[in-house]
Amino acid sequence: MTRFVHLTDLHVTDPGRDDPQLLSDTPAMLAHALAEIGRMDPAPDFVAISGDLTNHGDVESYRHVRAALDDLPMPVVMSLGNHDGREGFRAVFDPDAPRDATPVFHDRVLAGLHVIALDSSVPGRVGGAIDGDQFALLDAALAAHPDLPKLILCHHPPAMPQGAGLAWESLTPEDSAALAARLSGHDVAAILSGHVHCNRVLHWHGIPVVISTGLHNSIDLLEPSDLVMHEGAGFAIGQVLPDAFDIRFVPLAPRGAVLGRIAAERLRGFA
């Protein structure tokens with residue numbers, strides 16, 4: 001069994017910067033989330049963060065993210081979203097890499113899973129895409145560990161068929177189709193996404209697509225037209241089992257009052 005935490009949409013802004021686009025205290029919420037992860041027993045094998053690490057892609061905000069993540073005792077793997085900046089990210093997390101605007105693609109094996117992070121950000125756009133060079137890197141990565149189950153990080157979820165959804169919410173339909181073709185025949189445990197600020201699980205070409213609310217805000221899913229942002233934050237705990245994939249959503253804020261408690265000893269006695 002592999003156990004991981006899925007974080008997304010941190011939207012951290014350097015505390016010293018005036019940011020009128022910030023809807024909540026995201027540095028404080030990140031600290032709260034990491035404290036909750038730190039008390040998990042058993043601890044997760046790794047933490048996966050699916051983009052929008054910062055609100056503006058600046059170096060100082062990435063430094064704050066890195067300082068916070070450095071306290072985690074388990075590995076962290078990250079992808080970039082539309083609020084991120086490739087140059088700023090590389091300056092802090094990969095200072096030896098060329099300081100350019102090419103997509104940040106990487107993969108690694110963690111706790112028996114082959115984790116692949118795609119960069120779906122497109123400078124100047126809200127919606128996502130994956131270019132041909134990155135698809136070539138994906139093809140090579142998929143061929144490198146054919147016997148291991150895959151976990152894909154991609155900030156923008158795939159586009160749903162027949163135009164179900166808005167263009168800004170996802171990858172382009174063309175890139176979604178190309179991604180489906182490349183993943184076909186591989187053992188893909190799930191795709192982890194963010195971007196739309198709600199808890200959602202989709203079944204796409206036989207692959208679970210898991211979207212978490214994130215740490216910035218949540219959206220009103222009952223609002224028929226406007227995009228209405230509410231207070232709300234959380235993360236997900238995932239487990240990859242030999243014959244199942246399990247995902248559970250953990251609310252961080254707002255958090256309801258404790259209404260009761262049943263002792264563990266009593267729970268073990270329940271039939």
Side-chain angles (χ1 to χ4, degrees), residues 2-12 23-26 28-37 39-40 44 46-53 55 76-83 115 117-118 120 126-128 151-160 164-166 168-171 176 188-241 244-259:
T2 303
R3 193 170 191 236
F4 65 88
V5 164
H6 175 214
L7 281 172
T8 193
D9 291 270
L10 312 185
H11 285 269
V12 167
L23 302 178
S24 62
D25 186 350
T26 50
M29 187 55 66
L30 175 58
H32 177 37
L34 297 180
E36 293 295 293
I37 294 168
R39 71 184 187 91
M40 287 174 60
F46 62 89
V47 173
I49 309 178
S50 58
D52 279 1
L53 310 175
N55 211 30
V76 178
V77 59
M78 295 172 280
S79 64
L80 299 191
N82 55 290
H83 278 263
V115 184
L118 296 168
S120 60
V126 177
L151 188 67
I152 311 294
L153 274 66
C154 187
H155 179 69
H156 296 81
M160 294 298 105
L166 301 174
W168 66 266
E169 295 178 330
S170 65
L171 297 172
S176 300
V188 181
I191 297 173
L192 305 181
S193 297
H195 188 56
V196 293
H197 294 248
C198 67
N199 291 329
R200 186 178 182 187
V201 179
L202 313 169
H203 204 244
W204 176 79
H205 294 278
I207 301 171
V209 179
V210 176
I211 303 168
S212 296
T213 297
L215 302 185
H216 188 202
N217 64 274
S218 66
I219 61 168
D220 186 348
L221 295 174
L222 299 181
E223 169 60 44
S225 55
D226 297 338
L227 184 65
V228 178
M229 281 82 66
H230 284 244
E231 179 186 7
F235 60 82
I237 301 172
Q239 295 185 108
V240 180
L241 305 164
F245 176 75
D246 174 34
I247 197 79
R248 306 180 189 204
F249 296 103
V250 180
L252 293 174
R255 197 160 189 170
V258 175
L259 301 179

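Separation of atoms CG (Leu23) and NE2 (His11) is listed at 9.0 Å; rounding is to 0.5 Å. Atom-to-atom distance recorded for Ile49:CD1 and Leu192:CG is 11.5 Å, nearest 0.5 angstrom.
At a threshold of 4.5 Å between non-hydrogen side-chain atoms, the residues Leu80 and Leu53 count as touching. Side-chain contact between Val115 and Phe4: absent, with no pair of heavy atoms (C-beta onward) separated by less than 4.5 Å. Residues Ser50 and His6 have side chains in contact (heavy-atom distance under 4.5 Å, counting atoms from C-beta outward). Between Phe235 and Val47, the closest side-chain pair of non-hydrogen atoms is not below 4.5 Å. Residues Phe249 and Thr213 fail the side-chain proximity criterion, which asks for heavy atoms closer than 4.5 Å. A heavy-atom distance below 4.5 Å is found between the side chains of Leu252 and His32. In this structure, Leu221 and Arg200 have side chains that are not in contact, with every pair of non-hydrogen atoms separated by 4.5 Å or more.
Within the 3.5 Å criterion, the main-chain N or O of Ser212 finds no donor-acceptor partner in the side chain of Thr8. Looking at Ser193, its side chain does come within 3.5 Å of a backbone N or O of Cys154 through a donor-acceptor pair. Side-chain atoms of Asn82 never come within 3.5 Å of backbone atoms of Asp52 as a donor-acceptor pair (strictly under, hydrogens ignored). Judged purely by atom type and a 3.5 angstrom limit, Ser120 uses its side chain to pair as donor or acceptor with the backbone of His156. At distances below 3.5 Å, not a single donor-acceptor pair connects side-chain atoms of His216 with backbone N or O atoms of Thr26.
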Side chain to side chain contact (heavy atoms under 4.5 Å, CB included) between His197 and Met229, worked out:
CA-CA 9 Å; His197 294 248; Met229 281 82 66; over 6 Å; no
Side chain to side chain contact (heavy atoms under 4.5 Å, CB included) between Ile247 and Val201, worked out:
CA-CA 9 Å; Ile247 197 79; Val201 179; 4.2 Å; yes
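In plain terms, the two heavy atoms of Ser176 and Trp204 that are nearest each other are O-CZ2, 3.3 Å. Taking each heavy atom of Ile191 and Pro158 in turn, the nearest pair found is CD1-CG, 4.3 Å. Heavy-atom minimum distance, Met160 versus Leu202: CE-CD1, 3.5 Å. The minimum heavy-atom distance linking Leu7 with Ala33 is given by the pair CD2-CB, 4.2 Å. Nearest heavy-atom pair, Leu215 versus Met29, reported as atom, atom and distance to 0.1 Å: O-CG, 3.5 Å. Nearest heavy-atom pair across Ala189 and Val240 is CB-CG2, 4.0 Å.
The aromatic rings of His195 and His155 stand perpendicular to each other, their planes meeting at an angle above 60°, with 30° marking the opposite boundary.
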